[in-house]
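Below: the structure, in structure tokens.
Bear in mind that the values here come from a model prediction, so they are computed numbers and not experimental data.
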Amino acid sequence: GTACGPDGITVDPSLVRFTNDELFEGFELKESLGQLHVEPAPYGNLPRMDSTFSIDFETRSELRLQGQRGSGHALYLRLEAPLGVEFEPGCLAATPDPDFEYCAGANRLAIVTIREALFATGEHKLVVRGVNPVRTPDWNMWTLETFVDVSFEAVQAGSFDDIRQRGRAAGFELDQSLATTLRPGIQEAGSTQLFLWLRPKVYVPPKGFVEIHAAQ
């Protein structure tokens, strides 16, 4: 466009080069993973809790292994969680899994080997096991990437040139637990005082509210 660079009058002529050899290569676009969504197990969003994470995603083109399986190359998923999440070493929630052969977890990185040499277009679900962080991360984003016909070590490195598809989704909020003790002033029937002790696991700023629901 006319406004995408400096004024030609101000450019030093010695810096200008022209070529007609057609040797300038373009760049490949990375395909987006559609409908990426992360969901913890029911009631599994407490701090430092062992939980499972369900990752739903959609591939818009198939992934196909070009070389022979067993040659050190495969199809992979690379899942990077927010800071504080810890994946288990063998992090597949269910084994055997019909779509995924193995999951190698280390800290907040999980690398999943796809079972077949072809990963079809469409909707998929990956369920992995791990431990929640202490609190909801400030940067609460999950990143999922696909790799085709590369080695496990290359997926670990996560070079941008090797990525085939990428998607990013917001994570989930953690519910902080609250230790409570409730004691009556007297044990007899009738009107009495109730003494309530609260011990939150995180700092609670002033001017908040405590909502108490009594038993039926």
| Same cluster for L109 and I163 if Ile/Leu/Val/Met/Phe/Trp/Tyr side chains link at under 4.5 Å? | yes
| If you round to the nearest 0.5 Å, how far is CZ of F53 from CZ of F172? | 4.5 Å
| said: If you compare all heavy atoms of L36 against all heavy atoms of G167, which two are closest, and at what distance to 0.1 Å? | reply: CD2-C, 3.3 Å
| Heavy-atom closest contact (M49 atom, N45 atom, distance) | SD-N, 4.5 Å
| Who pairs with D97 by side chain to side chain contact (heavy atoms under 4.5 Å, CB included), at least two apart in sequence or on another chain? | L92, D99, F100
| message | Taking R166's backbone N and O only, do any of them form a donor-acceptor pair with K30's side chain (distance below 3.5 Å, no angle check)? | response | no
| N132: side chain to side chain donor-acceptor pair (under 3.5 Å) partners, not counting sequence neighbours | none
| field | Cluster check L65, L77: I/L/V/M/F/W/Y, side chain < 4.5 angstrom | value | yes
| message | As an exercise, state the distance from CZ of F119 to CD of Q165, rounded to the nearest 0.5 Å. | response | 9.0 Å
| request: Begin with the C-alpha distance, continue with both residues' side-chain angles, and end with the deciding distance and a verdict on salt bridge (Lys or Arg N to Asp or Glu O under 4.0 Å) for R108 and E80. | output: CA-CA 6 Å; R108 63 189 183 113; E80 186 174 355; 3.5 Å; yes
| said: Test of understanding: with side chain to side chain donor-acceptor pair (under 3.5 Å), list the residues that count as partners of E62, not counting sequence neighbours. | reply: R64
| Exercise: identify the closest heavy-atom pair between S61 and E31 | OG-OE1, 2.6 Å
| note | Between the NE2 atom in H37 and the CD1 atom in I55, the distance rounded to the nearest 0.5 Å is 10.0 Å
| field | With P82 via side chain to side chain contact (heavy atoms under 4.5 Å, CB included) - residues at least two apart | value | V85, P137, N140, W142
| said: Tell me which pairs pass salt bridge (charged side-chain N to carboxylate O under 4.0 Å, His left out) where either residue lies in residues 36-58, with sequence neighbours left out. | reply: R48-E86, D56-K125
| query | What is the minimum heavy-atom distance between I114 and Y76, and which atoms define it? | reply | CD1-N, 4.2 Å
| said: Test of understanding: with side chain to side chain donor-acceptor pair (under 3.5 Å), list the residues that count as partners of T59, not counting sequence neighbours. | reply: H124
| field | Side-chain donor or acceptor of T113 paired with backbone N/O of E101 under 3.5 Å | value | no
| Residues two or more places apart in sequence or in another chain: which of them pass side chain to side chain contact (heavy atoms under 4.5 Å, CB included) with Y43? | none
| query | side chain to side chain contact (heavy atoms under 4.5 Å, CB included) with A94: which residues, sequence neighbours excluded? | reply | none
| message | Under the rule for side chain to side chain donor-acceptor pair (under 3.5 Å), what residues qualify as partners of R129, not counting sequence neighbours? | response | E88
| Any idea which heavy atoms bring G90 and Y102 closest together, and the distance? | CA-OH, 4.3 Å
| field | Apart from L83 itself, residues in the same hydrophobic cluster as defined by side-chain heavy atoms under 4.5 Å | value | none
| said: Quick check for you: to the nearest 0.5 Å, what is the distance between L63 atom CG and L75 atom CG? | reply: 6.0 Å
| message | How close do L33 and L144 get, counting heavy atoms only, and between which atoms? | response | CD1-O, 3.5 Å
Between side-chain atoms of residues 150-162 and protein atoms elsewhere (two or more places apart, or another chain), which donor-acceptor pairs fall under 3.5 Å?
| residue | atom | partner | partner atom | Å |
| --- | --- | --- | --- | --- |
| S151 | OG | A154 | N | 3.2 |
| S159 | OG | D161 | N | 3.4 |

| query | Can you tell me if T136 uses its side chain to pair, donor with acceptor, with the backbone of L174 under 3.5 Å? | reply | yes
| query | Which pairs with one or both residues in residues 77-137 pass disulfide (SG to SG under 2.5 Å), sequence neighbours excluded? | reply | C91-C103
